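Chain letters run A, B, ... following the sequence lines, proteins first and then strands; every chain starts at 1. Predicted model, so just to flag it, every value in this text is computed and none were measured.
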Protein chains: 2
Amino acid sequence: MQDTLSQTFSALADPTRRAMLAKLSKGEANVSDLAKPFLKEMSLPAITKHLKVLEKAGLITKTRSAQWRPCKINGIALKNAADWMEQYRVFWEESFDRLEAYLKTVVPRKPGKGTKNARKKI
Amino acid sequence: MQDTLSQTFSALADPTRRAMLAKLSKGEANVSDLAKPFLKEMSLPAITKHLKVLEKAGLITKTRSAQWRPCKINGIALKNAADWMEQYRVFWEESFDRLEAYLKTVVPRKPGKGTKNARKKI
DNA sequence: GCTATAATTAACTAAGTAGTTAATTAACTA
DNA sequence: TAGTTAATTAACTACTTAGTTAATTATAGC
């Protein structure tokens, strides 16, 4: 049994599942709606399994309505993952700052129109 | 070959690797520094493999200094994952709002000191 | 050159994951 | 009740992952 965060991240570590979440972010959808874009590449049971992974990770909720299974996205699990990432924000902002600082040494700010011959001004 | 985002998320889907990132968020560390908390549970080659996963995902950078391999955290890959998550923020904020709204129906706002007997005021 | 330390590589195993096809369940519809 | 649609379950295969132990590489220091 995996911890919750590992389960969330490993559910997100698949492009098919992320595409399903993207579709669900536009509104509820049945299994067959979600399956449609992938049926050339994989079978319906494969889709069922992907949805089960998302459901176990708490990323979606599946309900029943006659023979359909409307699914909807569930924000909480995503929030937990996002909160975990948040503690590292300083690292990507700092590396952005370094990139920005570097770019300033290569191309001076406000070099007039365009950047052609900009270095001449240094 | 996996896409970049899948590689990032699957690297994050392991508590040992997340703990290593947590350690690296306090500053650079060698392989053996990173290994120390885990050597009761797993061998050094297992650690090497975890670090390789993090490195391939671009989450850390490993350099060389004599026989040591100082590692440092690399913000960019984390930023890409965080940027992906950002598009779903509305879903977790909305579910937080629903929770908040619900709580207001159960416990009224400003119920005086403490919440004991608060419902009497409804 | 010998020895200790740091880390990796090789070869292997056990368990988990992603997919398949065939069969089954469940609900609606004529 | 027979047929159709929606989805799942079962049983299986191929591949990947996470770990192991034993051997190896590379550097430092005496």
Side-chain angles (χ1 to χ4, degrees), chain A residues 1-21 23-24 27-73, chain B residues 1-21 23-24 27-73:
Chain A
M1 237 300 121
Q2 268 183 128
D3 64 288
T4 311
L5 211 44
S6 298
Q7 228 180 333
T8 304
F9 282 130
S10 90
L12 295 178
D14 181 284
T16 304
R17 291 193 291 260
R18 288 198 305 277
M20 288 169 161
L21 288 175
K23 165 84 177 172
L24 289 173
E28 288 197 12
N30 298 325
V31 174
S32 40
D33 300 330
L34 291 165
K36 193 166 287 173
F38 303 108
L39 290 178
K40 302 113 200 172
E41 303 148 36
M42 72 182 74
S43 67
L44 197 58
I47 300 290
T48 295
K49 286 190 180 184
H50 278 303
L51 289 172
K52 203 154 273 182
V53 171
L54 289 170
E55 199 183 10
K56 280 196 181 166
L59 287 163
I60 66 168
T61 308
K62 213 179 336 177
T63 51
R64 344 185 22 142
S65 164
Q67 69 266 55
W68 294 276
R69 299 289 175 273
C71 302
K72 64 186 228 287
I73 206 167
Chain B
M1 238 298 120
Q2 266 184 130
D3 63 289
T4 311
L5 210 43
S6 298
Q7 227 180 335
T8 304
F9 282 129
S10 87
L12 295 178
D14 182 284
T16 304
R17 290 192 292 259
R18 288 197 305 276
M20 288 169 159
L21 288 176
K23 166 84 177 170
L24 288 173
E28 286 197 14
N30 297 326
V31 174
S32 40
D33 300 331
L34 291 165
K36 193 167 290 173
F38 303 107
L39 290 178
K40 301 113 200 174
E41 304 148 37
M42 71 182 74
S43 67
L44 197 59
I47 302 290
T48 295
K49 286 190 179 186
H50 279 303
L51 289 172
K52 202 154 272 182
V53 171
L54 289 169
E55 199 182 12
K56 280 195 181 167
L59 287 162
I60 66 168
T61 308
K62 214 178 337 175
T63 51
R64 343 185 24 143
S65 163
Q67 68 265 57
W68 293 276
R69 298 289 175 274
C71 301
K72 65 188 230 286
I73 207 168

Peer 1: Would you write out the dot-bracket form of DNA chain C, 5' to 3', with Watson-Crick and G-U pairs under 3.5 Å, [ ] for crossing pairs, | for pairs to other strands and . for unpaired bases?
Peer 2: ||||||||||||||||||||||||||||||
Peer 1: Show me the donor-acceptor pairs, under 3.5 Å and distance only, between side chains in residues 29-37 of chain B and residues at least two apart or in other chains.
Peer 2:
residue : atom : partner : partner atom : Å
B:Asp33 : OD2  : B:Asn30 : N            : 2.9

Peer 1: Output a table of donor-acceptor pairs, distance under 3.5 Å, between side-chain atoms of residues 8-20 of chain A and any protein atom two or more places apart or on a different chain; print 'none' if there are none.
Peer 2:
residue : atom : partner : partner atom : Å
A:Thr8  : OG1  : A:Thr4  : O            : 3.0
A:Asp14 : OD1  : A:Thr16 : N            : 2.8
A:Asp14 : OD1  : A:Arg17 : N            : 3.1
A:Arg17 : NE   : A:Ala11 : O            : 2.8
A:Arg17 : NH1  : A:His50 : ND1          : 3.1
A:Arg17 : NH2  : A:Ser10 : O            : 3.1
A:Arg18 : NH1  : A:Leu12 : O            : 2.8
A:Arg18 : NH1  : B:Ser6  : OG           : 3.0
A:Arg18 : NH2  : B:Asp3  : OD2          : 2.6
A:Arg18 : NH2  : B:Ser6  : OG           : 3.3

Peer 1: Please report the distance, rounded to the nearest Å, between CZ in A:Arg64 and C1' in C:dC28.
Peer 2: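 About 14 Å, once rounded to whole Å.
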Peer 1: Between A:Ala46 and A:Gln2, which is nearer to the 5' end of DNA chain C once each is assigned its nearest nucleotide?
Peer 2: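 By nearest-heavy-atom nucleotide position, the 5'-most residue is A:Gln2.
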Peer 1: Rounded to the nearest 0.5 Å, how far apart are CG of B:Leu54 and CD of B:Gln7?
Peer 2: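 Rounded to the nearest 0.5 Å, the CG-CD separation comes out at 11.0 Å.
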Peer 1: Testing A:Ile47, A:Thr48, A:Val53 for side chain to side chain contact (heavy atoms under 4.5 Å, CB included) with A:Leu51, which one passes?
Peer 2: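 Answer after filtering A:Ile47, A:Thr48, A:Val53: A:Ile47.
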Peer 1: If the sugar-phosphate is the primed atoms plus P, OP1 and OP2 and the base is the rest, what is the B/S/- string for nucleotides 2-13 of chain D, using protein heavy atoms under 4.0 Å?
Peer 2: ---BSBBB-B--
Peer 1: Using atom types as modelled, flag every donor-acceptor pair under 3.5 Å from a side chain in residues 59-70 of chain A to any protein atom, sequence neighbours excluded.
Peer 2:
residue : atom : partner : partner atom : Å
A:Thr63 : OG1  : A:Pro70 : O            : 3.2
A:Arg69 : NH1  : A:Ala66 : O            : 3.3

Peer 1: To the nearest angstrom, how far is B:Met42 atom CE from C:dT13 atom C1'?
Peer 2: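 Value for this atom pair: 17 Å.
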Peer 1: A:His50 side chain N/O closer than 4.0 Å to the phosphate oxygens (OP1, OP2) of C:dT17?
Peer 2: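 For C:dT17, OP1/OP2 do not have a side-chain N/O of A:His50 under 4.0 Å.
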